[in-house]
Q: 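Quick one: the structure is below, questions incoming.
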Amino acid sequence: MNEYRPLKVALLGAGSVGSQVARLLIENQAELAARVGARLDLIGIAVRDTKRVRESVPQELITEDAESLILAADIVVEVMGGIEPARSYILQALNSGSDVVTANKALLATHGTELFDTAEQVGAQLYFEAAVAGAIPIIRPLRESLAGDTVNRVMGIVNGSTNYILDRMDTAGLTLEQAMDEATKLGYLEADPSLDVEGFDAAQKAAILAYLAFHTEVPLESVYREGITKITAEQMKNAKRDGTVIKLLAICERIAADEAGPEGVSVRVYPAQIPATHPLASVRGAFNAVYVEAESAGQLMFYGAGAGGVQTASAVLGDLVSAAKRHVAGGPGLADSVHANLPVLSIDRVTTSYQITLEVKDQPGVLAQIANVFSQHQVSIETVEQFAAEGRNTTTLEIETHDATDASLSSVVKELAATDSVARVTSVIRVEGY
Ligand code: NDP
Ligand code: HSE
């Protein structure tokens with residue numbers, strides 16, 4: 001085969017991910033050229049601080065002039081993160097005909113439509129395998145491998161740092177604060193930890209997954225989000241006693257039309273109890289996993305490192321090889337279709353079950369009063385357990401419901417809190433995965 005002309009690659013960012021992309025591109029140049037049919041020449045690396053010497057990044061390639069670098073490139077790799085100037089640089093690259101590889105979930109979740117539309121208009125391609133779950137191949141399976149199937153549900157652990165925190169609370173009995181301290185020392189949390197612990201990072205990834213799974217635009221604001229900051233050591237201990245574990249889940253689900261409204265999709269992030277036997281329960285430490293349910297393919301599980309410089313660089317390099325091959329072979333880009341354009345439904349339409357723990361007065365008639373609150377909101381109780389507290393005039397009730405709409409369940413919780421015989425609503429947590 002005749003070798004194609006060398007392809008010029010511009011790298012924007014030389015941090016955790018970018019420095020590893022640079023190293024792998026240089027170290028594996030011959031092998032990558034053989035796979036692509038063209039040499040991949042790294043022509044420059046744009047950073048903010050050009051003075052700082054970075055391990056495994058040739059200083060002579062460092063520049064602060066990202067715009068000139070983009071103009072000279074065939075393929076642009078954006079691993080700088082943030083919204084601006086990343087957005088403008090990607091638009092500049094696409095508009096000048098370059099394919100772009102990005103790992104930037106925050107940008108895709110907020111400006112994805114603009115970027116994908118631009119790519120389609122100019123016949124360029126935007127690759128983003130690294131944007132969700134780091135090294136795990138999940139974008140390509142949803143975008144290509146399952147393109148002939150109907151995906152009904154995607155449920156994932158897509159934030160490694162919160163999974164680490166919850167795992168340490170579960171296995172070592174740490175408090176949330178202790179586990180967060182550990183995660184901080186290990187460098188797992190984002191510079192702004194609220195992006196992780198309040199579920200923002202997972203919500204961005206959920207929006208991207210739902211967009212691909214359901215061929216539907218998913219504005220980030222429509223993703224329901226609860227973080228892990230209210231999870232207590234007590235809840236963790238009780239979950240374990242019940243044969244379950246608490247995980248921060250990103251759930252993207254197709255919801256059929258019913259009397260409450262039309263067909264749509266629900267995209268949500270919250271901590272939930274899942275059975276210890278569920279495949280996602282065994283995802284430990286900072287690992288990620290995505291569980292997909294498709295009509296024909298059935299259940300699929302994707303597991304691996306959701307972050308880390310070199311791990312994420314693997315996904316970036318995979319996209320870069322695809323982009324380079326397209327250059328060599330020619331042909332149009334792969335456009336994602338949002339033809340389904342399903343409405344993104346509010347959390348109220350979601351059907352799930354709750355586990356509610358109450359401290360109640362230990363006296364006759366209390367159980368009946370509480371059961372009445374559930375029945376008034378058409379919520380059926382599945383199990384009730386009572387744990388007596390010695391020497392106190394209250395007792396603890398742990399109630400698990402059957403599936404009901406989230407709207408009904410939250411009305412039950414509100415009314416229970418205002419019920420005389422209820423001293424305290426100790427814990428409310430959703431239950432998933434049964
Ligand atoms: P870092 O913060 O480690 O690195 C960012 C790099 O971009 C730095 O080299 C920085 O320059 C450069 N940069 C930032 N702003 C500018 C700017 N305005 N102009 C020029 N250069 C700039 O980020 P990561 O490598 O961790 O992440 C990169 C992307 O990958 C993000 O979108 C992130 O969400 C995504 N990602 C990261 C993962 C991870 O494990 N780290 C996992 C999955 C995705 P300087 O060195 O001078 O500061
Ligand atoms: N903060 C993210 C996480 C990094 O903890 O998973 C990878 O996107």
Q: Once you measure the plane-to-plane angle for Phe287 and Tyr303, does it fall in the parallel (<30°), tilted (30-60°) or perpendicular (>60°) bin?
A: parallel
Q: Say whether Glu182 and Tyr164, considering side chains only, have a donor N or O and an acceptor N or O under 3.5 Å apart.
A: yes
Q: Indicate yes or no: at least one non-hydrogen side-chain atom of Val350 is less than 4.5 angstrom from one of Ile347.
A: yes
Q: So, using ring-ring contact (aromatic ring centres under 6.0 Å, His included) as the criterion, who are the partners of Tyr270 when residues are at least two apart?
A: none
Q: Answer yes or no: is there a side-chain heavy-atom contact under 4.5 Å between Pro85 and Met80?
A: yes
Q: How would you list, by chain and number, every residue that makes a ring-ring contact (aromatic ring centres under 6.0 Å, His included) with Tyr291, sequence neighbours excluded?
A: His278
Q: Would you list the atom pairs, donor with acceptor, under 3.5 Å between side chains in residues 198-222 and any protein atom, with sequence neighbours excluded?
A:
unit_1	atom_1	unit_2	atom_2	d
Asp201	OD1	Lys105	NZ	3.0
Asp201	OD2	Asn159	ND2	2.8
Asp201	OD2	Lys205	NZ	2.6
Lys205	NZ	Val158	O	2.8
His215	ND1	Ser337	O	3.4
Thr216	OG1	Phe214	O	2.8
Thr216	OG1	Asn341	N	3.4
Thr216	OG1	Leu342	N	3.0
Ser222	OG	Pro219	O	2.5

Q: Do side-chain atoms of Asn104 reach the backbone of Val79 as a donor and acceptor pair under 3.5 angstrom?
A: no
Q: Quick check: does any side chain N or O of Ser411 sit under 3.5 Å from a backbone N or O of Ala407, one acting as donor and the other as acceptor?
A: yes
Q: For Thr401 and Glu382, which I'm curious about, is there any donor-acceptor pair between the side chains at under 3.5 Å?
A: no
Q: Looking at Gly433 and Pro275, what are the two nearest heavy atoms and their distance?
A: O-CG, 3.7 Å
Q: Tell me which donor-acceptor pairs under 3.5 Å the side chains of residues 353-363 have, and how far apart each pair is, sequence neighbours excluded?
A:
unit_1	atom_1	unit_2	atom_2	d
Tyr354	OH	Asp406	OD1	3.4
Tyr354	OH	Asp406	OD2	3.1
Gln355	OE1	Gln273	NE2	3.2
Gln355	NE2	Asp242	OD2	3.0
Gln355	NE2	Glu398	OE2	3.3
Glu359	OE2	Arg392	NH2	3.2
Glu359	OE2	Thr394	OG1	3.1
Lys361	NZ	Asp420	O	3.3

Q: I'd like to know if the side chain of Glu129 and the backbone of Arg140 have a donor-acceptor N/O pair within less than 3.5 Å.
A: yes
Q: Regarding Gln235 and Ser427, do their side chains bring together a donor and an acceptor under 3.5 Å, going by distance alone?
A: yes
Q: Should Glu226 and Arg430 count as side-chain neighbours, where that means a heavy-atom distance under 4.5 Å?
A: yes
Q: Quick one, Arg349 and Asp258 - any side-chain contact, counting heavy atoms below 4.5 Å?
A: yes
Q: Which residues pass the ring-ring contact (aromatic ring centres under 6.0 Å, His included) test with Phe374, not counting sequence neighbours?
A: none
Q: Please report the interatomic distance CG(Leu186) to OG1(Thr184), rounded to the nearest 0.5 Å.
A: 9.0 Å
Q: For Phe128, give me all partners under ring-ring contact (aromatic ring centres under 6.0 Å, His included), at least two apart in sequence or on another chain.
A: Phe116
